[in-house]
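These notes concern the structure reproduced below.
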Amino acid sequence: MEDKLRDGLQNPLTIYPHTEFPMQKQRPPGIQAEMTPVPDCGEESYVGYGRLKGRKALITGGDSGIGRAVAIAFAREGAQVAINYLPEEDSDAHSLAELLGAEDKEPILIPGNLRYEDVCEKVVREACEKMGGLDILVPNAAVQKAQWNIEDITGEQVRRTFETNVYAPIFLARTAVPLLPAGSSIIFTGSAEYYTPNRFLLDYAASKSAVVAFGIGLAKQLIGKGIRVNTVCPGPVWTPLEVSGGNPEELITAHGLDTPYGRPGQPVELAGVYVFLASNEASYVSGEVYGVTGLLSAH
């Protein structure tokens, strides 16, 4: 079966390999450049069409994985982009800056650990100040740690999960809302774990369910200000989360192979959804939850 069925079309079943990944482990938060294979975030493939020209976007977790793919797509669609990331992820962040800088679209880099309320506030204000405004917020950074038994989920793990995955999006949005003009967009990153929770991701699934609920409620609160809020829920995607504790070691090599697609998603395959939700094309879309799951719900 050929990847290209005819000009302009690609077969989603064959554009990426269906083979097992090499066994690999990293310390959290993981470095994308050290993964095998390196996730496809659209570095070579994403083409922009000016749909976000003049926009100003802040993306957390923008150094790697889905956040990196969104940053690349937004920049190539004409937006000015600021990314937040952990200091430990500096190498991935600077590789993104080098990539987009070569295209005269260099992002603003704002390192910081979003577990802390004051850091969330600082990141938003710094992004707004350096870009001269803010009209797209993508709270995407997250942590994920697999545990087969609930007895092994420590209090520190729960705090870290909720501080990063739930508290940070709330604090980021709280700081950003007074700065956002009408026509702005907030896009949360949820997870398919919100409606198909896995037995070894209990605290992560709970945190993502909270994010989805928060996004829907916030959409109702902000539509009167002309600000749209939506949530994207990915299924299994090949990102550093999977090799740095987010997947049990024995499942890393077969990540996503049990989907009807026979493979996991690549970060670039979600970028277009974020672009749509950020753009004026989605002017009548708010309070929605968009699944990009590889037909995960078919199982």
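Between T293 and Y195 there is a side-chain heavy-atom pair separated by less than 4.5 Å. With contacts defined as side-chain heavy-atom distances shorter than 4.5 Å, the pair K220/V229 does not qualify. The shortest distance between side-chain heavy atoms of I186 and L180 falls below 4.5 Å. Proximity of V275 to F74: side-chain heavy atoms (C-beta onward) are separated by under 4.5 Å at one or more points. Contact annotation: the side chain of T239 approaches that of P267 to within less than 4.5 Å [non-hydrogen atoms, C-beta and beyond].
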Donor-acceptor pairs under 3.5 angstrom involving side-chain atoms of residues 128-143: please list them, not counting sequence neighbours.
| unit_1 | atom_1 | unit_2 | atom_2 | d |
| --- | --- | --- | --- | --- |
| K130 | NZ | E126 | OE2 | 2.7 |
| D135 | OD1 | R55 | NE | 2.7 |
| D135 | OD1 | K56 | N | 3.1 |
| D135 | OD2 | K56 | N | 3.4 |
| N140 | OD1 | T189 | OG1 | 3.0 |
| N140 | ND2 | T60 | O | 3.2 |
| N140 | ND2 | G61 | O | 3.4 |

Inset, instruction - Apply side-chain contact (heavy atoms from CB on, under 4.5 Å) to the pair M35 and V243, showing each step before the final yes or no. - result: CA-CA 8 Å; M35 294 175 66; V243 300; 4.1 Å; yes
Legend entry - E43 vs R76, salt bridge (Lys or Arg N to Asp or Glu O under 4.0 Å): CA-CA, chis, key distance, verdict: CA-CA 10 Å; E43 290 90 345; R76 291 181 180 166; over 6 Å; no
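Smallest separation of non-hydrogen atoms from H18 and Y261: CE1-O, 2.7 Å. Counting all heavy atoms, side chain and backbone alike, P107 lies closest to A97 at CD-CA, 3.7 Å.
In this structure, Y49 shares a hydrophobic cluster with V47, the cluster being traced through Ile, Leu, Val, Met, Phe, Trp and Tyr side chains under 4.5 angstrom apart.
For A282, the side chain to side chain contact (heavy atoms under 4.5 Å, CB included) partners are R228, F276, V285, not counting sequence neighbours. For K25, the salt bridge (Lys or Arg N to Asp or Glu O under 4.0 Å) test picks out E249, with sequence neighbours left out.
A distance-only check finds a donor-acceptor pair linking the side chain of Q24 to the backbone of T36 [under 3.5 Å].
The side-chain contact (heavy atoms from CB on, under 4.5 Å) test with V268 is passed by exactly one of V237, D40, V70, I66: D40. For the side-chain contact (heavy atoms from CB on, under 4.5 Å) test with E156, the passing option among T154, V158, I153 is T154; the others fail.
For F188 and F214, the gap between ring centers is short of 6.0 Å. For Y16 and W238, the distance between ring centers is not under 6.0 angstrom.
Among residues at least two apart or in separate chains, there is no ring-ring contact (aromatic ring centres under 6.0 Å, His included) pair with a member in residues 78-97. Every pair tested for salt bridge (charged side-chain N to carboxylate O under 4.0 Å, His left out) that includes a residue from residues 78-98 fails, sequence neighbours excluded, so the list is empty.
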